[in-house]
A.B. asks: 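Okay, here's the structure, questions in a sec.
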Amino acid sequence: MNDVKEWEQQAAAALKAVARRMDIKAYVEQTPLLYGLLKKAALQYVTGESRIDGLEAGQRLTAKGYAISLEYIGENTVNAEECEAAALEITALIDDLVEQGTSACVSFDLSHIGLMLDMELAYTNLTKLAARAPGTELELFISMEESAKTEQILEVYKRAASKYSNIGITLQAHLHRTPDDLAALAGSPGLIRIVKDAYQESDEVAISRSEALNERYLQLVEQALADGHRVSVATHDERIIEEAIQRGLLTERGAKLEMLYGIRPELGSRLKSAGYPVQIYLTYGHEWYLYLCHRIAEYPPNLYRAVTNMAESRRVDPVDAYD
Ligand code: FAD
């Protein structure tokens, strides 16, 4: 392994550890200078702190011909009032999108709307949100979280999806269980997003970044399409995307590429110009700190960009980078 790769892996492990340290997060939030600097870095990946920021960036990307997903950032909420507040914010997001007439996916973590307290609360909030959107151009997308929560998330999803067809689920290619989870959904084709993973898991439950993971990723996409699901191929990995194109997966009905806002906009632009459906996943909210840590940890060279953005006097505007 060369020195740069080794540095990147060490930096990624350190950043994932920093992201889990709530004392560091609290320190950042209480230190105005540091908070301000990191917020500037976060604006590469997060549209801003308010719903208006997300909606405006979404409208500009829609005008450029991209489909959009929107997420009000948050996870692991352990206070019932905060879960209620998050569900209300997502409701307001749905209402604003309906009023704008924008077709979009609204994404969220079930642990943001109650899963940490009670599965029933998460289910109730999910179905209230789903009931808000039928008959509109909107779909809801449940994100996937740490493997300790996979079983519960799938259970809540399956129960709600049996009543509402406008709910999709994210599956993580790195988990050993995922091919079985996908097979279990074959009888009820819906909207599925395939991602690699954003969480560090043990070898017992997951495989790490490797050719084997890329191959499994592609097989999951192939299988999901064969089972009749509509599939979001959510990755920035050019090798996977090229191979998916070679295998004809992105011209299958119901397949689209999905990429995170601010990450590889040149790749998203190129693929859109080539005629592939490209969806950009935008986020907003006050809880951008962990989101920023995740985005740097999964690609440590982003640290250089973060430092550059912190030194910039102008606010970064990632939408400009999309053609
Ligand atoms: P990697 O192997 O991480 O990267 C491949 C290449 O892509 C890198 O070499 C680099 O060129 C580029 N790249 C990757 N990340 C970055 C970056 N941050 N900055 C710049 N370049 C980068 N994960 C979950 O666990 N649960 C979810 O619900 C979930 N939802 C997601 C929704 C969407 C739409 C997307 C795109 C991702 C989501 N993720 C989720 C995150 C995902 O699991 C990965 O952590 C993330 O996509 C990076 O993996 P990758 O597939 O791009 O491949």
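Count residues from 1 along the sequence.
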A.B. asks: Does Met144 reach the side chain of Ile153, with side-chain heavy atoms less than 4.5 Å apart?
C.D. replies: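 Yes - at least one pair of side-chain heavy atoms lies under 4.5 Å apart.
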A.B. asks: Hydrophobic clusters here meaning ILVMFWY residues chained together by side-chain heavy-atom distances under 4.5 Å, can you tell me if Val233 and Leu267 are in one?
C.D. replies: yes
A.B. asks: Would you please name every residue forming a side-chain contact (heavy atoms from CB on, under 4.5 Å) with Asp23, sequence neighbours left out?
C.D. replies: Arg21
A.B. asks: Cluster question for you: counting only ILVMFWY and a side-chain heavy-atom cut-off of under 4.5 Å, with indirect links fine, are Leu213 and Val205 together?
C.D. replies: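 No.
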A.B. asks: Using a strict cut-off of less than 4.0 Å between a Lys/Arg side-chain nitrogen and an Asp/Glu carboxylate oxygen, indicate whether Glu266 and Arg264 qualify as a salt bridge.
C.D. replies: yes
A.B. asks: Can you find a side-chain donor-acceptor pair between Asp181 and Thr178 that sits under 3.5 Å?
C.D. replies: no
A.B. asks: I'd like to know if Arg247 and Glu215 make a salt bridge, using a cut-off of under 4.0 Å between side-chain N and carboxylate O.
C.D. replies: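 Looking at Glu215 together with Arg247, the answer is yes, because their closest N to O distance falls below 4.0 Å.
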A.B. asks: One thing to verify: whether Glu242 and Arg239 come together as a salt bridge, which I'm taking to mean a side-chain N less than 4.0 angstrom from a carboxylate O.
C.D. replies: no
A.B. asks: Quick check: do Ile296 and Tyr291 have side-chain heavy atoms less than 4.5 Å from each other?
C.D. replies: no
A.B. asks: Under a 3.5 Å distance rule, please check whether His229 uses its side chain to pair with a backbone N or O of Ile192 as donor and acceptor.
C.D. replies: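 Side chain of His229 to backbone of Ile192, a donor-acceptor pair under 3.5 Å: no, none is there.
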A.B. asks: So do Leu121 and Ile113 actually touch side chain to side chain, heavy atoms under 4.5 Å?
C.D. replies: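 SC-SC contact between Ile113 and Leu121 ruled out.
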A.B. asks: I'd like to know if the side chain of Asn214 reaches the main chain of Ile240, judged simply by a donor and an acceptor atom lying under 3.5 Å from each other, with no hydrogens or angles considered.
C.D. replies: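 Such a contact is absent between Asn214 side chain and Ile240 backbone.
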A.B. asks: Salt bridge check: are Glu258 and Arg193 linked by an N-O gap of less than 4.0 Å?
C.D. replies: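 Yes, this pair counts.
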A.B. asks: Could you list all the ring pair (Phe, Tyr, Trp, His ring centres under 6.0 Å) pairs where at least one residue sits in residues 164-198, not counting sequence neighbours?
C.D. replies: none
A.B. asks: Can you tell whether the side chains of Lys196 and Glu298 come within less than 4.0 Å, N to carboxylate O?
C.D. replies: no
A.B. asks: Taking all heavy atoms of Asn166 and all of Ala130, pick out the closest pair and write down the distance.
C.D. replies: ND2-O, 3.1 Å
A.B. asks: Apply the side-chain contact (heavy atoms from CB on, under 4.5 Å) test between Thr102 and each candidate in Leu55, Leu70, Thr62; give the one that qualifies.
C.D. replies: Thr62
A.B. asks: So, Ser147 versus Glu201: side-chain donor-acceptor pair below 3.5 Å or not?
C.D. replies: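 A pair is found: one side chain offers a donor N or O, the other an acceptor, under 3.5 Å apart.
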A.B. asks: Report the C-alpha separation of Tyr276 and Ile241 in whole Å, then their side-chain angles, then the decisive distance to 0.1 Å, and conclude whether the side-chain contact (heavy atoms from CB on, under 4.5 Å) test is met.
C.D. replies: CA-CA 11 Å; Tyr276 298 105; Ile241 295 170; over 6 Å; no
A.B. asks: Verify the distance criterion only: is there a donor paired with an acceptor across the side chains of Glu145 and Ser111 at less than 3.5 Å?
C.D. replies: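 Distance-only check passes for Glu145 and Ser111.
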A.B. asks: Linking I/L/V/M/F/W/Y whenever any side-chain heavy atoms sit under 4.5 Å apart, do Leu218 and Leu171 land together?
C.D. replies: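 Yes, it is one cluster - the side chains of Leu218 and Leu171 are joined through contacts under 4.5 Å.
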A.B. asks: I want to check something: taking the side chain as every heavy atom from C-beta on, are Asn309 and Leu43 in contact at a cut-off of under 4.5 Å?
C.D. replies: no
A.B. asks: Are Arg209 and Asp197 within salt-bridge range, i.e. N to O under 4.0 Å?
C.D. replies: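 Here Arg209 pairs with Asp197 in a salt bridge, since their nearest N and O are under 4.0 Å apart.
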A.B. asks: Is the shortest side-chain N to carboxylate O distance from Arg60 to Asp320 below 4.0 Å?
C.D. replies: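 Result for this pair is yes, salt bridge flagged.
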A.B. asks: Run through Leu282, Thr47, Thr283 and flag the one making a side-chain contact (heavy atoms from CB on, under 4.5 Å) with Asp53.
C.D. replies: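 In the set Leu282, Thr47, Thr283, the residue that makes a side-chain contact (heavy atoms from CB on, under 4.5 Å) with Asp53 is Thr47.
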A.B. asks: Would the distance check show the side chain of Thr170 and the main-chain N or O of Ile142 forming a donor-acceptor pair, the cut-off being under 3.5 Å?
C.D. replies: yes
A.B. asks: Stepwise, does the side chain to side chain donor-acceptor pair (under 3.5 Å) test hold for Gln279 with Ser69?
C.D. replies: CA-CA 7 Å; Gln279 180 152 310; Ser69 293; 2.7 Å; yes
A.B. asks: Applying ring-ring contact (aromatic ring centres under 6.0 Å, His included), name anything that partners Tyr299, two or more places apart in sequence or on another chain.
C.D. replies: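 Once residues adjacent in sequence are excluded, Tyr299 has no partner under the ring-ring contact (aromatic ring centres under 6.0 Å, His included) criterion.
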A.B. asks: List the atom pairs, with distances to 0.1 Å, where a side-chain N or O of residues 220-228 and a protein N or O form a donor-acceptor pair under 3.5 Å, not counting sequence neighbours.
C.D. replies:
{"residue": "Gln223", "atom": "NE2", "partner": "Asp227", "partner atom": "OD1", "Å": "2.9"}

A.B. asks: Taking the side chain as C-beta and beyond, is there a heavy-atom pair between Thr77 and Met116 under 4.5 Å?
C.D. replies: no
A.B. asks: Under the rule for side-chain contact (heavy atoms from CB on, under 4.5 Å), what residues qualify as partners of Glu139, not counting sequence neighbours?
C.D. replies: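 For Glu139, the residues satisfying side-chain contact (heavy atoms from CB on, under 4.5 Å) (neighbours in sequence not counted) are Cys105, Leu191, Arg230.
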A.B. asks: His294: which residues meet the ring-ring contact (aromatic ring centres under 6.0 Å, His included) condition with it, sequence neighbours left out?
C.D. replies: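 His294: ring-ring contact (aromatic ring centres under 6.0 Å, His included) contacts with Tyr199.
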A.B. asks: What is the minimum heavy-atom distance between Asp323 and Ser269, and which atoms define it?
C.D. replies: N-OG, 3.0 Å
A.B. asks: Going hydrophobic residue to hydrophobic residue with side-chain gaps under 4.5 angstrom, can you get from Tyr261 over to Ile73?
C.D. replies: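 No, Tyr261 does not connect to Ile73 through the hydrophobic network.
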A.B. asks: Under the ring-ring contact (aromatic ring centres under 6.0 Å, His included) rule, collect the residues that match up with Tyr27, sequence neighbours excluded.
C.D. replies: none
A.B. asks: Begin from the C-alpha positions of Phe108 and Leu126 and carry the test side-chain contact (heavy atoms from CB on, under 4.5 Å) through to its verdict.
C.D. replies: CA-CA 10 Å; Phe108 46 87; Leu126 173 62; 3.6 Å; yes
A.B. asks: Would you check, one step at a time, whether the test side-chain contact (heavy atoms from CB on, under 4.5 Å) holds for Glu49 with Lys39?
C.D. replies: CA-CA 10 Å; Glu49 291 189 330; Lys39 191 175 152 191; 3.6 Å; yes
A.B. asks: Return the set of residues passing side-chain contact (heavy atoms from CB on, under 4.5 Å) with Ala297 (not counting sequence neighbours), or none when no residue passes.
C.D. replies: Leu15, Lys16
A.B. asks: Is any side-chain N of the basic residue among Arg51 and Asp96 closer than 4.0 Å to the acidic one's carboxylate O?
C.D. replies: yes
A.B. asks: Can you pull out every ring pair (Phe, Tyr, Trp, His ring centres under 6.0 Å) where at least one residue sits in residues 63-94? Sequence neighbours excluded, please.
C.D. replies: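 Counting only pairs at least two positions apart or across chains, the ring pair (Phe, Tyr, Trp, His ring centres under 6.0 Å) contacts touching residues 63-94 are Tyr66-Tyr322, Tyr72-His112, Tyr72-Tyr284.
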A.B. asks: Not counting sequence neighbours, which residues clear side chain to side chain donor-acceptor pair (under 3.5 Å) with Glu29? List them please.
C.D. replies: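 Expected list: Lys25.
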A.B. asks: Provide the closest heavy-atom pair for Val319 versus Ala57 in the form atom of the first, atom of the second, distance.
C.D. replies: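 In terms of heavy atoms, the two residues are closest at CG2-CB, 4.0 Å.
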A.B. asks: Go through the steps to decide whether Arg177 and Leu154 satisfy the test side-chain contact (heavy atoms from CB on, under 4.5 Å), and finish with yes or no.
C.D. replies: CA-CA 12 Å; Arg177 59 175 289 161; Leu154 285 171; 3.5 Å; yes
A.B. asks: Using every non-hydrogen atom in the two residues, find where Pro318 and Gln44 come nearest and quote the distance to one decimal.
C.D. replies: CG-O, 3.5 Å
A.B. asks: Can you sort out the partners of Ser143 under side chain to side chain donor-acceptor pair (under 3.5 Å), two or more places apart, ordered by chain and number?
C.D. replies: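 Side chain to side chain donor-acceptor pair (under 3.5 Å) list for Ser143, sorted by chain: Asp109.
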A.B. asks: Please walk me through it: do Arg270 and Glu238 pass salt bridge (Lys or Arg N to Asp or Glu O under 4.0 Å)?
C.D. replies: CA-CA 11 Å; Arg270 178 155 57 79; Glu238 224 168 324; 2.7 Å; yes
A.B. asks: Please name the pair of heavy atoms, one in Tyr35 and one in Val28, separated by the smallest distance, quoted to 0.1 Å.
C.D. replies: CB-O, 3.5 Å
A.B. asks: Using 0.5 Å steps for rounding, measure from the CD1 atom of Ile169 to the OH atom of Tyr157.
C.D. replies: 6.5 Å
A.B. asks: For Met259, does its backbone N or O pair with a side-chain atom of His236 as donor and acceptor, under 3.5 Å?
C.D. replies: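 Side chain of His236 to backbone of Met259, a donor-acceptor pair under 3.5 Å: no, none is there.
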A.B. asks: Check this for me: Gln59, atom CD, are more than 12 non-hydrogen atoms of other residues, nucleotides or ligands nearer than 6.0 Å?
C.D. replies: yes
A.B. asks: Restricting to pairs with a member in residues 114-133, which pass side-chain hydrogen bond (donor to acceptor under 3.5 Å, both in side chains), not counting sequence neighbours?
C.D. replies: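 Only Asp95-Arg132, Glu120-Arg159 qualify under side-chain hydrogen bond (donor to acceptor under 3.5 Å, both in side chains).
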A.B. asks: Distance from Leu88 atom CG to Leu93 atom CG, nearest 0.5 Å?
C.D. replies: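 So the CG of Leu88 and the CG of Leu93 are separated by 12.5 Å.
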